Each structure stands twice: as C-alpha cells, then as structure tokens.
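Please read the structure below before turning to the comments.
As a basis for the values below, the full set of heavy atoms in this structure was taken, side chains included, without hydrogen atoms, waters or symmetry mates. All figures in this text were calculated on a predicted structure; none of them were measured in a lab.
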Amino acid sequence: MGIDIKTIAFVLGITHLIQILVFIYQYRVNKHIKGPGWWLLWSAFESLGFILIILRAIPSLTFTMIIFQNIVILLGTIFIYIGLIKFFNRKVNFRFLGVFFFSFLMLHIYFIFIHDDISIRSVNLAIYLSIISFTTAFYLQKYKTKSTIFTANFNIIIFIVHGCVFAYRAVLIITGTSVTEVFTPSLFNFIPYFDALIVSLLWTFGFIMMVNQRLNSEISEAKTHFELIFNTSPDASIITQIENGLFIDCNESFIKLLGYSKADINGKSTLNINIWGNPDDRNEMLRRINEYGFCENFECAFRRKNDRLFVGLLSAKIIILQETPHLISVIRDISERKQIEEEIKLKNEELNKVNAEKDKFFSIIAHDLRSPFSGFLGLTELLAEDVQNMTMDRTKLIAQKMHESAVNIFRLLENLLEWSRMEHGLIHFNPENIQLYSLANESLTMIVDRAKSKEIEITNIIPEDLNVLADSNIIQSVIRNLVSNAVKFTPFGGKIILSSKIMTNKTLKISVSDTGIGMSLSMLENLFHLGVQTNRIGTDGEPSTGLGLLICKGFIERHGGKIWAESEEGKGSDFHFTIPGK
C-alpha cells in the first residue's frame, strides 16, 4: 500500500491538536458544563499517544515509547468516559476506574519487563479499549436526557463500533495474526488508525452537538422560567426599550394594576400613555441605572388609565434582547401600605401629643392639689395645737377657711374624676329633647351662693320655649363649669349673662358672658390645650386648674359641637359652644 502508517499517525496527531483547540474553547466558554474539560484531556492524551507511536521509529526511544504509548491511549479513552458521566451531572465511580486501569497497567508492565510479548500487549490494550467503549455506551444510554437524545444515540453507535473494532482486533491477534511489525502497511495495522481518525472526528462532532443541545435546552428552560415568573408575578412587570421607553411586553399584573390592555400599549412608550405621575421620575430612574447599573425600590407616583394616581416602588435593571439594551421594570403598588404608614404616623403623633398632655396634666394636678392640701393641713395643725387658746371668732374663721379648702379640694377631685371617666369613655351619652332654660337654671343652683358672696348678678335670658337635643347631665356640667369660671374671674359687683342664638345651620349657640378681668391673646390661644398651663388665681383668691374647660371641650365635641372663647384683658370674656337644635 502507498500510505505510510507513520504519516497516518502524524495526521492523527495534528487532528487531535485541532481537537485540543476546539475543547479549550468549549471549556472556557461553558465552564458550568463539566464534560469539556475531561474531553480536552482526552484530546491531549490521544495526541501524545500518537506522538509516542511516531517516536517508536527512533531505535534509542523505542523501548520507552512502548512503555508509555498504550498507557496514554487508554487514559485518553477513560477521560472520555469520565467527561460523559460528568456531563450528565452523575457521580463517577473512580474506584472501578482505578481497579480497571491498575489491572491493565500490571498486565502491561508484566508483558514488557517480565515476559516481553507484543501480541499479548496488543490484545490487552484492545480488550481494555473495547471494555471502556462498551461501558461508556452503556452509561450514555442510561443517562441520556430528552434534550440530547438524538446526539447521544449517535455517540452510542460510535462507541459500540469503536469497541467492536478493538474486540475484532483482539480476536484476530488471538487467532494468529502477527503484530510484530507495527509500521508494516497492512490492513490489520491500518484499521486502528483509521478508526482513531474517523471516530475521534465523529466524537468531537457529537460531543459539541451535545453541548449545544444542552445549552439550547438550558436557554429554553431559562426562557420558560423567566416567562413563568414574569407572567405570574403579583407585581406589575414591563419590558421596554431603554432608549425611548417603547413597550416590548407586560404581564397580567401590569394590566390589572394600571388598567391598560396589551393592545393599548402596543407600539407606544411609557411616556406616550403617561404612566408617570411625574415624568422627571423616569429621568431619575435612568440616572440611577447609568450610575449604579440598576434602580431599586425607587418610590414614585404612577398614573392609571382612569387617570388616578397611586404610589409604587420601582425596581429596574438592564437586560440584553437581540443585542439591544432593554429595561425590565417591576412596579409594586404600596398605596395601601403608605396609607397605613400615614395613619400610624398620625396615630403616633396623636399618642405622643396625648402622652405629653397627660404628663403635663398630672404635673398641674400635683401642683394644684398640693396647694389646697397644704393650706388645709396648716389650718388643721393650727387648730389642733392652739384650739384651747383661741376665741370663738378665731375658731369660727379657721373652720370657715377649712370648709373653703375642703370645697376646693372636692371640686378639683370631682373635675379630675369626671375628666378621667370622660377620657376612658365611661360617661354615657344619652341625648334627648330637653328645655334649655330650665336646665340652665338647675345648673346655677350650686353657683348662686358663691356669686352672691361676690355680689355678682347672673342673668339667664335663654328663651323659655327653646328645646335642644342633648344629654342633660353633660350640658348641665358644661354650663356649671363655664358659669363657675365666670364667677371666679369676675370682680365684686360684676355681671354674668347666659344667652342663646339659633344659627343658620340649625345648630344652637349658647354663650356665657362676663364683665371679668378678661384674657391675653396668648392665654386665649392656649385655653383648651392640656399641654399648656393657663390656670391663674381668681379675683378673690380662688384656685384654678383649667381642667374644667378641658372637660367642657370633651363634652361639647361628644355632641358634635364646638367650644371657643372671645376675650380682651380688662374687658371680660365670652365663652360660646354649639349643640344641635331640636
């Protein structure tokens, strides 16, 4: 024959070097796939094996090449097996491979150094190559996946053919075919080289096809998973061109949240359909993406199709579609959360205000309780220590002072108890149709004596036939507190007038006017605020806490009315409150 075996071996070495370049590329590009790295080792060892075959022609190297040639070729085929098992993410039985290779190595060394027999060495290599080929075909059949089934079947056939070639070669040697001259141009010597040339090319093609099929399957699965996540996400998701905001796709949540159908957004941009509550927000989003590579939890307003605004959290990131940068954006409606946060904020502010007012209130109460109690205790101490030396008039005076202190303490405690019951909702509200004139007169019975002691004239000019819808106990408490305050801050010989006026909105305004000392503007502004101390001493030294006015405010608001005051220093005061008419 005209073809030289050394030339074929050289060609095989060149082809395997090309395969090495192919698998280096595959290994670097697809590092998450484990097989190509082992196939790279196969190509490298096969190339080395054929180089060793060529070097056998050099007499000084022949023995050394004989030692390593078959070992390197078998290792290359084992690496194919390992690469395929790893490719399918299965566990490699390295114990089996170790025993398999060690047994081959022992036989190979024995028939070199102890009993040199090239025929047995050739049979040994052929048998082990056929075993590893058939084993690889078996596991390839076992582990092949749906995405690689066609190429896997193709490779299975190649492995079976390869195994059969070397099994047939072993049979030929056993039946008497001579292998003493490995470079003799005979059909027997050509078969393994032609097999190596064709099979290695087919394997390379088959392995690369399997890698591509797996990549296509992974891309398809990733696309399916992305579409599933995209379409089932509870948040509104859209894909737009980054350059002009043109819509590419949207999910069902976007349609539900913003009210647009896919037909509405087809061929339009986010600016065209005006989904931005503030168009500058889109510029801010793009600025963040340009600066950080993404935009996360950007709070901004969006506009629904019905023109209603809502607050959303926007997250966006750049994705590449058909080599063009796009934005995938996710919008989460937080309107309800914002409303709850706002309500919580208001409640916290109210709570802080109430706590501050209560702290101030208890501070006021502690101060105002201490004063009358101190006076009362002082009088009792004076009476207890010196009663035997006191005249009757002196004793009577102290007793009168003690009575006044006890009355003041009682009234303060009564107001405190009433305020506490009101704050805790323990005062029942029972509105009924009542005659206001008679109710006001009943309220004045407890105050008349004090007014007379200061020669203050109280006049009730409320019409006798005027009826109101109110809780009689609560209205009595309000009138009593207001008139009592008027008496307290009106000097001797003053006047107090109770009057009423029907307002245009069918409510009734009731007024308590006095000719007392009046109030400054700052006192007037803080009159019904618990956190600010507005109490002062009456015109006859009467104590005051300001608590009565707070009780009045709570009671009137319970009726759905308002209470306010008008006053100037030295010109008296007018207190007004409103309640529903009949």
Quick test of your reading of the model: are Arg304 and Asp333 salt-bridged, counting only N-O distances below 4.0 Å?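 Yes, charged N to carboxylate O under 4.0 Å.
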
Is it true that Glu341 and Arg337 have a side-chain N and a carboxylate O under 4.0 angstrom from each other?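 Result for this pair is yes, salt bridge flagged.
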
With the side chain counted from C-beta on, respond yes when [X] and [Y] share a heavy-atom pair under 4.5 Å apart, and no when they do not.
X	Y	value
Thr145	Phe88	yes
Ile510	Leu482	no
Asp235	Leu313	no
Val211	Pro36	yes
Phe310	Leu258	yes

Does a sphere of radius 6.0 Å around NZ in Lys34 hold more than 12 heavy atoms from other residues, nucleotides or ligands, not counting ones at 6.0 Å or beyond?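 Counting other residues, nucleotides and ligands, NZ of Lys34 stays at 12 neighbours or fewer.
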
In this structure, are over 12 heavy atoms from other groups packed under 6.0 Å from Glu432 atom CD?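 Result for CD/Glu432: enclosed.
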
Keeping [X] on the side-chain end and [Y] on the backbone end, is there a donor-acceptor pair under 3.5 Å?
X	Y	answer
Asn348	Ile344	yes
Asn272	Ser269	yes
Gln435	Glu464	yes
Ser511	Ser513	no
Arg214	Ile33	no

Run the side chain to side chain donor-acceptor pair (under 3.5 Å) check on Asn441 and Ser438 step by step: do they pass? CA-CA 5 Å; Asn441 282 338; Ser438 300; 5.8 Å; no

Which atom pair, heavy atoms only, marks the closest approach of [X] to [Y]?
X	Y	answer
Met519	Ala565	CE-CB, 4.4 Å
Leu327	Ile289	CD2-CD1, 3.3 Å
Val512	Ala486	CG1-CB, 4.3 Å
Gly277	Arg303	O-NH2, 3.6 Å
Asp281	Ala301	OD2-N, 3.9 Å
Arg288	Cys295	CD-SG, 4.0 Å

Any salt bridge (Lys or Arg N to Asp or Glu O under 4.0 Å) pairs touching residues 263-274, not counting sequence neighbours?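 For residues 263-274: Asp264-Lys305.
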
Check side-chain hydrogen bond (donor to acceptor under 3.5 Å, both in side chains) between Ser315 and all other residues, then give those that pass, not counting sequence neighbours.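 Listed in chain order: nothing, the list is empty.
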
[X]: which residues meet the salt bridge (Lys or Arg N to Asp or Glu O under 4.0 Å) condition with it, sequence neighbours left out?
X	answer
Glu568	Lys571
Arg287	Glu284, Glu291
Arg90	none

Under 3.5 Å, which donor-acceptor pairs do the side chains of residues 239-247 form with other protein atoms, sequence neighbours left out?
{"residue": "Gln241", "atom": "OE1", "partner": "Asn244", "partner atom": "ND2", "Å": "3.3"}
{"residue": "Asn244", "atom": "OD1", "partner": "Leu246", "partner atom": "N", "Å": "3.0"}

Mind checking whether Phe302 and Trp276 have parallel, tilted or perpendicular rings, split at 30° and 60°?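 Geometry flag for Trp276 against Phe302: tilted rings.
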
